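Numbering of ligands and ligand atoms starts at 1, following listing order. Owing to the predicted nature of the structure, the values given are computational and were not obtained by experimental measurement.
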Amino acid sequence: MTETDMWIVRYAEIALKGGNRAFFEQALHRDIKRRLAACGAPAVTRTHGRLWVNDDPKYREQVRRELQLLPGIQSFSLAHRCANDLETLKTRGWEIFRDAWAADRPTRFRITTRRADKRYPMKSEEVSRELGAHLLQNAPDGLLSVSLSEPELNLHVEIHGDFAAVHLVIEQGTGGLPIGTGGNVMCLLSGGIDSPVAAWQMIRRGCKVHHVFFENRTFLGRGAYDKVERLSKQLAHFQGRTTLTAVPFSDIQVAIRDHCEPRNRVVLYRRFMYRIAERIMRRHRCLGLVTGENIGQVASQTLENLRAVDITVEAPVYRPLLCMDKLHIIDIAKRIGTFETSIEEAPDCCSVFLPKRPETRARIEAMEADETHLDVETLEQQAIEAADCIKLG
Ligand code: ATP
Ligand code: MG
């Protein structure tokens, strides 16, 4: 057989999905092909409970970055694919080990063998023992020692029916489930750090995320929209086709400023946003709303305020960041590449007409009473009619 390097892609959680397994595997297969199209479009095959991607050294780093973040991948390895007879395994095993080993210092190692094909004439432990002995023989005296529990180098050997795959490193994927296996949701996307991460968390669990952005162009110009458009494009890189709906929000904010209690403004803005988002989400067959809200992160996000907003919609509101710490959220934003865009200066509409003392313990009756000063239905209808939806991905 011709020997090649290949990526082994593992998908632990999908394997648990019983009767649906083939469906999830096909979805992941399709996602990988789509994402790697720009990396020389390598062949991707699905066998033996794994996906195999042809390696092209020219695109290696690019492929690695894609595999790190593609939802549904538990881990992956760049492996050498060779014949599975013991002599070949010894030769290749030693070469691969030697290349990675800083041969000038003592090193603990182990061999981990897994037989996907149980008809192989040797047991996994026997293969490990033979290979281990071979490595000890080849290395200068005393430099290598076996440690099953705390190895510094672990040579993995996977034995399949007509080939073996040998590698040293297992790289972590992002986990989760393949794109689009979880249904559609509508994310209220601002230009901040949080909501793109919230969208990403839903994408990671297999949801298709559409976006809605409320825009105060009259007072703030187009800067925030430009940011949100770029953020949703960055997210489309992961999830493929999606939409961004921009809803003009200036008239609603002016009406609230002119007719309602100043301290209620932020909660009232949110109530309008939620209700409008709920109406728009039906067009995209979404099953719920998503926000980047997080308990207590800012004064407006208390449990009382969240409840006063929640109550205005029937749709479930998913808040994947609700209990996460800001540092963790920032960490994810950096990993998925949205952080740099999010921190660009461009004020959000929520900052317009901010009162000195915003309500932090909103009462539902007080919000409802304040809204009787507004023609809620007409304001919402006009905003929806003036909304602009673009396709992405
Ligand atoms: P983010 O970083 O996502 O902006 P934040 O910490 O700034 O969040 P808020 O500004 O209070 O928090 O917004 C809370 C949530 O409300 C956001 O995560 C987002 O889901 C939604 N939201 C806020 N402003 C807008 C907007 N202009 N358009 C769409 N959604 C918005
Ligand atoms: Mg914000």
Side-chain angles (χ1 to χ4, degrees), residues 185-202 209-229 231-232 234-235 243-250 252-253 256 265-281 286 288-306 308-310 312-313 315 317-330 332-334 336 338-354 358-360 362 383 387-389:
V185 287
M186 172 68 72
C187 180
L188 283 79
L189 189 70
S190 74
I193 295 171
D194 299 325
S195 40
V197 175
W200 157 252
Q201 295 286 28
M202 300 303 285
V209 178
H210 293 267
H211 313 281
V212 57
F213 170 60
F214 296 89
E215 184 186 21
N216 191 326
R217 209 184 293 179
T218 320
F219 291 81
L220 300 173
R222 291 235 84 179
Y225 177 80
D226 175 62
K227 246 173 97 173
V228 167
E229 186 180 353
L231 287 168
S232 32
Q234 280 165 321
L235 292 164
T243 60
L244 166 63
T245 306
V247 181
F249 208 53
S250 325
I252 291 174
Q253 292 193 279
I256 291 173
R265 279 177 197 158
V266 178
V267 177
L268 293 176
Y269 294 166
R270 279 301 143 66
R271 285 165 62 95
F272 272 89
M273 285 185 185
Y274 273 48
R275 282 189 299 247
I276 292 171
E278 185 180 41
R279 288 164 74 167
I280 290 173
M281 81 178 210
C286 293
L289 299 175
V290 178
T291 78
E293 286 157 327
N294 178 271
I295 305 176
Q297 191 191 87
V298 287
S300 63
Q301 295 176 25
T302 60
L303 289 182
E304 287 90 341
N305 286 8
L306 293 179
V309 177
D310 249 2
T312 59
V313 290
V317 180
Y318 299 111
R319 299 184 173 100
L321 313 188
L322 193 66
C323 301
M324 278 164 62
D325 292 332
K326 191 73 183 188
L327 286 179
H328 187 195
I329 297 172
I330 289 176
I332 299 174
K334 286 183 175 161
I336 62 174
T338 54
F339 183 74
E340 290 302 321
T341 311
S342 288
I343 58 172
E344 285 173 23
E345 191 62 39
D348 186 55
C349 69
C350 292
S351 65
V352 173
F353 316 136
L354 261 195
E359 182 59 86
T360 56
D388 190 27
C389 178

Quiz item: Is the distance between the ring centroids of F214 and Y269 under 6.0 Å?
Solution: no

Exercise. Compute whether any side-chain donor of one residue and acceptor of the other, for T360 and T302, lie under 3.5 angstrom apart.
Key: no

Quiz item: Taking atom CZ of R319 and atom CD of E293, what is their separation to the nearest 0.5 Å?
Solution: 4.5 Å

Practice problem: Using a 4.5 Å cut-off on heavy atoms from C-beta on, say whether the side chain of S195 contacts that of T291. | Solution: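 In short, these two side chains do not touch, never coming nearer than 4.5 Å.
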
Practice problem: Specify whether F213 and Y225 have parallel, tilted or perpendicular ring planes, treating 30° as the upper limit for parallel and 60° as the lower limit for perpendicular. | Solution: tilted

Could you go through ligand 1 and note, for every N or O atom, any protein N or O atom closer than 3.5 angstrom, writing the atom names and distance to 0.1 Å, or 'none'?
from: ligand 1; atom 1: 2 (O); to: I193; atom 2: N; distance (Å): 3.0
from: ligand 1; atom 1: 2 (O); to: D194; atom 2: N; distance (Å): 2.8
from: ligand 1; atom 1: 2 (O); to: D194; atom 2: OD2; distance (Å): 3.4
from: ligand 1; atom 1: 3 (O); to: S190; atom 2: OG; distance (Å): 3.3
from: ligand 1; atom 1: 3 (O); to: S195; atom 2: N; distance (Å): 2.7
from: ligand 1; atom 1: 3 (O); to: S195; atom 2: OG; distance (Å): 2.8
from: ligand 1; atom 1: 4 (O); to: S190; atom 2: OG; distance (Å): 2.4
from: ligand 1; atom 1: 6 (O); to: D194; atom 2: OD2; distance (Å): 2.6
from: ligand 1; atom 1: 6 (O); to: Q297; atom 2: OE1; distance (Å): 2.7
from: ligand 1; atom 1: 8 (O); to: D194; atom 2: OD2; distance (Å): 3.4
from: ligand 1; atom 1: 11 (O); to: R270; atom 2: NH1; distance (Å): 3.4
from: ligand 1; atom 1: 11 (O); to: R270; atom 2: NH2; distance (Å): 3.0
from: ligand 1; atom 1: 11 (O); to: Q301; atom 2: NE2; distance (Å): 2.8
from: ligand 1; atom 1: 12 (O); to: Q301; atom 2: NE2; distance (Å): 2.9
from: ligand 1; atom 1: 13 (O); to: R270; atom 2: NH2; distance (Å): 3.2
from: ligand 1; atom 1: 18 (O); to: G292; atom 2: N; distance (Å): 3.0
from: ligand 1; atom 1: 20 (O); to: L188; atom 2: O; distance (Å): 2.6
from: ligand 1; atom 1: 20 (O); to: G292; atom 2: N; distance (Å): 3.1
from: ligand 1; atom 1: 24 (N); to: D348; atom 2: OD2; distance (Å): 2.9
from: ligand 1; atom 1: 27 (N); to: F214; atom 2: O; distance (Å): 2.9
from: ligand 1; atom 1: 27 (N); to: D348; atom 2: OD1; distance (Å): 2.9
from: ligand 1; atom 1: 28 (N); to: F214; atom 2: N; distance (Å): 3.0

Quiz item: Sub-3.5 Å donor-acceptor pair from the side chain of T245 to the main-chain atoms of D388, do we have one?
Solution: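 The answer is no, because no donor-acceptor pair under 3.5 Å joins these two groups.
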
